[in-house]
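As the structure lists them, so they are numbered: ligands from 1, and atoms in each ligand from 1. Owing to the predicted nature of the structure, the values given are computational and were not obtained by experimental measurement.
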Amino acid sequence: MEFNRNISMLGTSASIELMQRAEQLRMLGKDVLSLAGGEPDFNTPNRICRAADKAICDGFTHYAVGRGLPLLREKIAEKLWKENDIKCSAENIIVTPGGKFGVYMAVCTLINEGDEVIILNPAWVSYGPIVKACGGIPVFVKLSYDDDYIIDVMKIREKITNKTKAIIINYPNNPTGKVLSANEARQLADVIRDTDIFVISDEIYERIVFDGNKSVSLASYREVSKNVITINGFSKCAAMTGWRLGYVVADDIVTNMMYKLYTHTITGTSTFIQHAALEVFNCNEEIEEMRKIYEKRRNYFVTELNQIKGLHCRKAEGAFYAWVNFDTKKRSEEIADQLLQQTGVVGVPGQAYGENKNCCMRFSFACMDNVLREAVDRMKKFVL
Ligand code: PMP
Ligand code: GLU
């Protein structure tokens, strides 16, 4: 049986595999501490749950036709204007079942077989596979650990060919925790200005930033905004990973094109979930409360990890991951295995994000304080 070539060559998502593996080990009675999955440990704020309950009982259980609930898209447009300096209307927004589908829809709409998409490494595990699934060629630009992964536009320019259709960026970054500075954004804008190259800007962790940091939205640069597709959603900021709710923002021409694919695949994002999401805009206090807790956990976790001999951990500026460099020549997959065998702590090896030069691992600190404390205690006993 011959399957679609673009799909058969893919693996599955390393982070999802590890989340599942940790769960299976736990069910077998193994004492595992999973810091693998990138999802809030908090439950969704109560008022959003109550709104969903009400929406179901009120009969919002039919097909959601169109690009998404108009009122929800209006609220998103207002938020983008106020918080991200992105000028758009409800018509520029398509509500999707999760940000991940938004990335897929953008890539699938932009590229033809053999087109190239530049991805900055370290990169979230799904960008490369999404590009390949759509018949494209991921072209990786390796940013340097020693330069704090600051964007080097020269390296990007070197990789641009007449096949380059898009550049995917993700800030605050999963896995490094880096945010996009105004200087980097300006330089990126210069790269795509007066070209047909799009930037797909995945800003899913945008509300989770620390020390007063802000991650710049590339679509706020008016001279290139037509060439920027912004991806965002509710999974991380409002602890709604299981609801599957995100959105894509782009120029009319692009949204009209993406919408064709949307009607033939998704039809519409769950009606009662969209109604409940209206409540997210009344949850600023709850969202800020969770953010503050992540910041406290980051401070604790990073400080403790840096005291362990042979480990160096960056202070994430945003998102909820500790990106840890192990002082060894071993491969990160080997270290991840060794760590699990010796201590039961599960993290994601840096190789999954394309970091091959340094032995790095990603640990999520979106988990309870006692889990983090226990993980630190165990990692102190880890023999490299
Ligand atoms: N982008 C990044 C960088 C992520 O870490 C995630 C988490 N899964 C997503 C997109 C997708 O999020 P979701 O589909 O849950 O909205
Ligand atoms: N985004 C999360 C992570 O990176 C969830 C799993 C996934 O979608 O890859 O761990």
Report the C-alpha separation of Tyr127 and Asp202 in whole Å, then their side-chain angles, then the decisive distance to 0.1 Å, and conclude whether the side-chain hydrogen bond (donor to acceptor under 3.5 Å, both in side chains) test is met. CA-CA 10 Å; Tyr127 300 134; Asp202 179 350; 2.6 Å; yes
Nearest heavy-atom contact between Tyr262 and Thr269 is OH-OG1, 3.0 Å
Arg314 NZ/CZ over Tyr145 ring centroid, <6.0 Å and within 45° of normal: yes
To the nearest 0.1 Å, how far is atom 5 (C) of ligand 2 from its closest protein heavy atom, and which atom is that? Gly38 O, 3.9 Å
Shortest reach to atom 3 (C) of ligand 2 by a heavy atom, considering only Glu39, Arg362, Met19: Arg362
At under 4.0 Å between heavy atoms, is it the side chain or the backbone of Asn174 that contacts ligand 2, or both, or neither? side chain
Numbering the atoms of ligand 2 from 1, which are under 4.0 Å from a heavy atom of Lys236? 1 (N), 2 (C)
Just grab all the salt bridge (Lys or Arg N to Asp or Glu O under 4.0 Å) pairs involving residues 176-192, residues at least two apart or on different chains. Lys178-Glu184, Arg186-Asp190, Arg186-Glu223, Asp190-Arg193
Partner of Glu206 under salt bridge (charged side-chain N to carboxylate O under 4.0 Å, His left out), picked from Lys79, Lys214, Lys236, is Lys79
Under 3.5 Å, which donor-acceptor pairs do the side chains of residues 16-25 form with other protein atoms, sequence neighbours left out?
unit_1, atom_1, unit_2, atom_2, d
Glu17, OE2, Thr12, OG1, 2.7
Glu23, OE1, Arg26, NH1, 2.9

Determine the sole option in Tyr294, Phe365, Phe301 for which the ring pair (Phe, Tyr, Trp, His ring centres under 6.0 Å) test with Phe320 is passed. Tyr294
Could you tell me if Asp251 and Asn92 have a donor-acceptor pair between their side chains, going purely by distance under 3.5 Å? no
Atom 9 (O) of ligand 2: the protein heavy-atom neighbour that sits closest, reported with distance to 0.1 Å: Ser15 OG, 2.6 Å
Can you name the one residue among Arg291, Arg297, Lys292 that meets side chain to side chain donor-acceptor pair (under 3.5 Å) with Glu295? Arg291
Under 4.0 Å from ligand 1, counting heavy atoms only: the protein residues, by chain and number: Gly98, Gly99, Lys100, Trp124, Tyr127, Asn170, Asn174, Asp202, Ile204, Tyr205, Ser235, Lys236, Arg244
Got a list of side-chain donor-acceptor pairs under 3.5 Å for residues 377-384, not counting sequence neighbours?
unit_1, atom_1, unit_2, atom_2, d
Arg378, NE, Glu374, OE2, 2.8
Arg378, NH1, Asp31, O, 3.2
Arg378, NH1, Thr343, O, 2.7
Arg378, NH2, Asp31, OD1, 3.0
Arg378, NH2, Asp31, OD2, 2.8
Arg378, NH2, Glu374, OE2, 3.3
Lys380, NZ, Glu304, OE1, 3.3

Is Tyr353 in polar range of ligand 2, meaning some N or O pair under 3.5 Å apart? no
Which atoms of ligand 2 are found less than 4.0 Å from any heavy atom of Lys100? 7 (C), 8 (O)
So if I count the atoms of ligand 2 from 1 in the order they appear, which ones are less than 4.0 Å from some heavy atom of Ser13? 9 (O)
